[in-house]
Every structure is written in structure tokens, then in C-alpha cells.
Engineer: 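Got a structure for you, written out below as C-alpha cells; questions coming shortly.
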2 protein chains.
Amino acid sequence: MTEHTPRRTTRQRTTISEFLAHAGDFRTAQQIHEQLRAGGDGVGLATVYRTLQSMAESGEVDVVRTADGESAYRRCATSDHHHHLVCRGCGRTEEITAKAVEAWAATIAAQHHFTDVTHDVELYGLCATCGLERR
Amino acid sequence: MTEHTPRRTTRQRTTISEFLAHAGDFRTAQQIHEQLRAGGDGVGLATVYRTLQSMAESGEVDVVRTADGESAYRRCATSDHHHHLVCRGCGRTEEITAKAVEAWAATIAAQHHFTDVTHDVELYGLCATCGLERR
DNA sequence: ATTCACATGATAATCATTCTCATGAAGATG
DNA sequence: CATCTTCATGAGAATGATTATCATGTGAAT
């Protein structure tokens, strides 16, 4: 539970980080583990989880929960606060920012006398390509 | 995977529905199962899951993912589409609606040529009471 | 080169959720 | 009311992602 931010640079950390840099969209820990192993640069499953967890803490990657409860990770294009528009069909993801939503959240919080408010906002849909295939 | 909406009224369905009606905030399937058992009106764990799932499908209850990935269910005050403002301290929940967010989501979707778009929007913070205790 | 705290990984353990399937009950029918 | 068909239930097994364990390996400071 008390997970520290790792201080050392290891082959495993580098491997995972680069893997995510090349993969455009979200990947689960299981996928990363399997694909790295297939590619020869194997990394232990436990290490994959630990690394992703710490990368998420430090803000280096984003986390999203899939429909069936799995966590998926993606390297952020920007470290600023942002949200996602995820395609249910192919997993393609667009990063979006929205001052409008930030402002709205702050207003709602104030109205209800809530403080220290954060928010989760994720959009799910079908991208242009997948939308066509569905007919 | 192909789960049907149940057609029969059973003691179990009624029990769970009433339990949620009395509980104000979100409860997990595990909690419901345990608390019902403690109260004498035991319901099988599998049935609790099945029932909650179908209630969620029919819109009778809301679902929220807890930080550690568990699903928590709550009887909706309204069956209309809405979001939640959840207190991290005590779990108290406010239901909120926001045309602004709906409109924003639709706009973003259109801009990125996404169709069939849904969204998850949840706010987390400290309610007035819990906010004070933190000092 | 030595040392040592931190990192790794194979594997076991955990835990929520789903599946299986024999048994029970809801509701229709005669 | 008796019967029957179908769906619902529940105990326990199975699944699958995540976490813990702990012996071993390795950064990096000295």
C-alpha cells in the first residue's frame, strides 16, 4: 500500500516506458507483459504492475478503467490535466481538454460546499472508422 | 454475457431493492451480501451480483467504481441521466444533473467524428463536515 | 572493488466476480 | 387446486486481475 516512487533507472523501467511511447493508445498490464515477452525484452508481470503504478503516481501515464474493470495505461502526450475520448471499437484514444468542464466542476463543488474536489471524466463512443463497420 | 432482464418477482429481488432504498449511499455487492446475511434475510452472493447487474441495466440503480476497482451500487433518486458528487470522507453522495456537460460531451464527440457516445462523470471531494475535520 | 539498499521475478496468495448445475419457486394453465 | 414449464436461486468451483512474498540480482555511491 505504501508504494514509493522508484529512484533507480533499470532496463525494465526503460523498456516499459518506451513500449508505451510507441503504443499510441491504452494498454493493460497484461498486454504489456505479454507483448514485451513476445518481443524478447521480457519483464516480470509483477514488475510491470509495480512500474505502471509508480508511473501513474508520478503522472507519467494516464489510467483508465475498462468496462470489465481492468486498468489500462497510456503515456500522456501532455502532463497537464486532461480527459479522454475512447473508442469502444478499436481503443483509439483522443486526449481532450475542457476548461468548460473544469469550471463546471468547480461551480458544482462550491454549490454543495465540497472542497478539495477532483473529477473523473471519460467519454466513450465509436470512432469514424468503427462507426461505419457497425452497419 | 447475455444477461436478461429478470421477469419474476422474488423475495431476493425485493430484499435487495429495499435494502438499497434504505441505505442512502453506495454499497458494494459484498457489503450487501454480508449485511443482508447478518440481518437474517440472507441472499446468495451470486444472486446479489446477478440482481445488481440487472438493476443497473434497467437503470434502477447507479454504478460507481471505487478507487480499488470494486463496483458500488446505489438506488437512484431519479431515473434520469445524472452524475455524482461523492465525499471521500464519509461517502455521502449528491446527485447532480448538468445540461452543460451533456452538451459539451456531444460537441466533443462531433468534433472528433465519434458516434454513439456515452460518458462517465464523477466528482470526488470533501463535504462540508469532513472538510472541517481535516484541520 | 565493495557494499547495500532498492529492484526484480517466479510463484503463491488474495479477492471480486462469474460460471455451473442441481434444486426451488413464480406464474400460467387446465 | 394440481400440475407443469420456465426462470431464479445458491453453494461451491472456476476465473482472472492484482498484490504479496522472498530469495536473488543489480544500480550507484563510497
Side-chain angles (χ1 to χ4, degrees), chain A residues 1-20 23 26-58 60-74 91, chain B residues 1-20 23 26-58 60-74 91:
Chain A
M1 179 116 294
T2 311
E3 206 55 47
H4 315 290
T5 300
R7 332 151 198 299
R8 291 183 188 164
T9 304
T10 66
R11 175 185 70 79
Q12 291 83 347
R13 301 268 163 78
T14 307
T15 301
I16 293 175
S17 183
E18 289 186 350
F19 177 86
L20 281 176
F26 284 92
R27 300 294 160 92
T28 66
Q30 303 282 347
Q31 289 174 335
I32 295 170
H33 173 249
E34 192 163 340
Q35 293 186 32
L36 284 182
R37 165 166 296 186
D41 292 320
V43 174
L45 182 57
T47 301
V48 173
Y49 275 103
R50 273 189 300 245
T51 302
L52 289 174
Q53 199 166 288
S54 67
M55 288 171 91
E57 267 174 32
S58 72
E60 189 181 346
V61 299
D62 290 326
V63 193
V64 155
R65 291 270 182 188
T66 66
D68 50 329
E70 271 181 278
S71 296
Y73 301 83
R74 184 197 183 200
Chain B
M1 181 111 294
T2 311
E3 205 57 46
H4 315 289
T5 300
R7 336 153 194 298
R8 290 182 187 167
T9 305
T10 65
R11 176 186 69 79
Q12 291 84 344
R13 301 266 163 79
T14 309
T15 301
I16 293 175
S17 183
E18 289 187 349
F19 177 86
L20 281 175
F26 283 92
R27 300 295 160 91
T28 68
Q30 302 282 346
Q31 288 173 336
I32 294 170
H33 172 247
E34 192 164 341
Q35 292 185 32
L36 284 182
R37 165 166 295 185
D41 292 321
V43 175
L45 183 57
T47 301
V48 172
Y49 275 102
R50 273 188 300 245
T51 302
L52 288 174
Q53 201 167 287
S54 67
M55 288 171 90
E57 267 174 32
S58 72
E60 189 181 346
V61 298
D62 290 326
V63 193
V64 155
R65 290 270 183 187
T66 66
D68 50 328
E70 270 181 278
S71 296
Y73 301 83
R74 184 196 182 199

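Naming: A, B, ... by sequence-line order, numbering from 1 per chain. All values below come from the heavy atoms of this structure, side chains included, with hydrogens, waters and symmetry mates left out.
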Engineer: For A:T47, what residues pass the side chain to side chain donor-acceptor pair (under 3.5 Å) criterion, not counting sequence neighbours?
Structural biologist: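 If we apply the side chain to side chain donor-acceptor pair (under 3.5 Å) test to A:T47, skipping adjacent residues, the hits are A:R50.
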Engineer: Pairs under 3.5 angstrom, nitrogen or oxygen only, protein versus nucleotides 13-17 of chain C, please.
Structural biologist:
from: C:dT17; atom 1: OP1; to: B:S71; atom 2: N; distance (Å): 3.1
from: C:dT17; atom 1: OP2; to: B:Y49; atom 2: OH; distance (Å): 2.5
from: C:dT17; atom 1: O5'; to: B:Y49; atom 2: OH; distance (Å): 3.3

Engineer: Among pairs that include at least one residue of residues 33-45 of chain A, which meet salt bridge (Lys or Arg N to Asp or Glu O under 4.0 Å), considering only residues two or more places apart or in two chains?
Structural biologist: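 Passing the test, one end in residues 33-45 of chain A: no pairs.
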Engineer: What pairs of nitrogen or oxygen atoms, one from the protein and one from nucleotides 21-28 of chain C, lie under 3.5 Å apart?
Structural biologist:
none

Engineer: Atom CD1 of B:I32 to atom C1' of D:dG10: distance rounded to whole Å?
Structural biologist: 17 Å
Engineer: Mind checking side-chain contact (heavy atoms from CB on, under 4.5 Å) for B:L45 and listing every partner two or more places apart, or none if nothing turns up?
Structural biologist: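 side-chain contact (heavy atoms from CB on, under 4.5 Å) list for B:L45, sorted by chain: B:Q30, B:H33, B:Y49.
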Engineer: Expressed in angstrom and rounded to an integer, what is the separation of A:H33 atom NE2 from C:dT8 atom P?
Structural biologist: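 Taking NE2 of A:H33 and P of C:dT8, I get 13 Å after rounding.
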Engineer: Who are the side-chain contact (heavy atoms from CB on, under 4.5 Å) partners of B:E60, not counting sequence neighbours?
Structural biologist: B:S17, B:M55, B:S58
Engineer: Rounded to the nearest angstrom, tell me the gap between atom CD in A:E34 and atom P in C:dG9.
Structural biologist: 17 Å
Engineer: Nearest to the A:R13 side chain among C:dT8, D:dT9, D:dA11, which nucleotide is it?
Structural biologist: C:dT8
Engineer: Sequence neighbours excluded, which residues qualify as salt bridge (Lys or Arg N to Asp or Glu O under 4.0 Å) partners of A:R27?
Structural biologist: A:D25
Engineer: Does some side-chain heavy atom of A:V43 sit less than 4.5 Å from a side-chain heavy atom of A:I32?
Structural biologist: no
Engineer: Quick one: ring-ring contact (aromatic ring centres under 6.0 Å, His included) partners of B:F26, sequence neighbours excluded?
Structural biologist: B:H84
Engineer: Calculate the interatomic distance between A:I16 atom CD1 and C:dG9 atom C1'; express it in whole Å.
Structural biologist: 12 Å
Engineer: For residues 65-72 of chain B, please give each side-chain donor-acceptor pair under 3.5 Å, one per line with the distance, not counting sequence neighbours.
Structural biologist:
from: B:R65; atom 1: NH1; to: B:G69; atom 2: O; distance (Å): 3.3
from: B:R65; atom 1: NH1; to: B:S71; atom 2: OG; distance (Å): 3.4
from: B:R65; atom 1: NH2; to: A:A67; atom 2: O; distance (Å): 3.0
from: B:T66; atom 1: OG1; to: B:D68; atom 2: OD1; distance (Å): 2.8
from: B:T66; atom 1: OG1; to: B:E70; atom 2: N; distance (Å): 3.1
from: B:T66; atom 1: OG1; to: B:E70; atom 2: O; distance (Å): 3.3

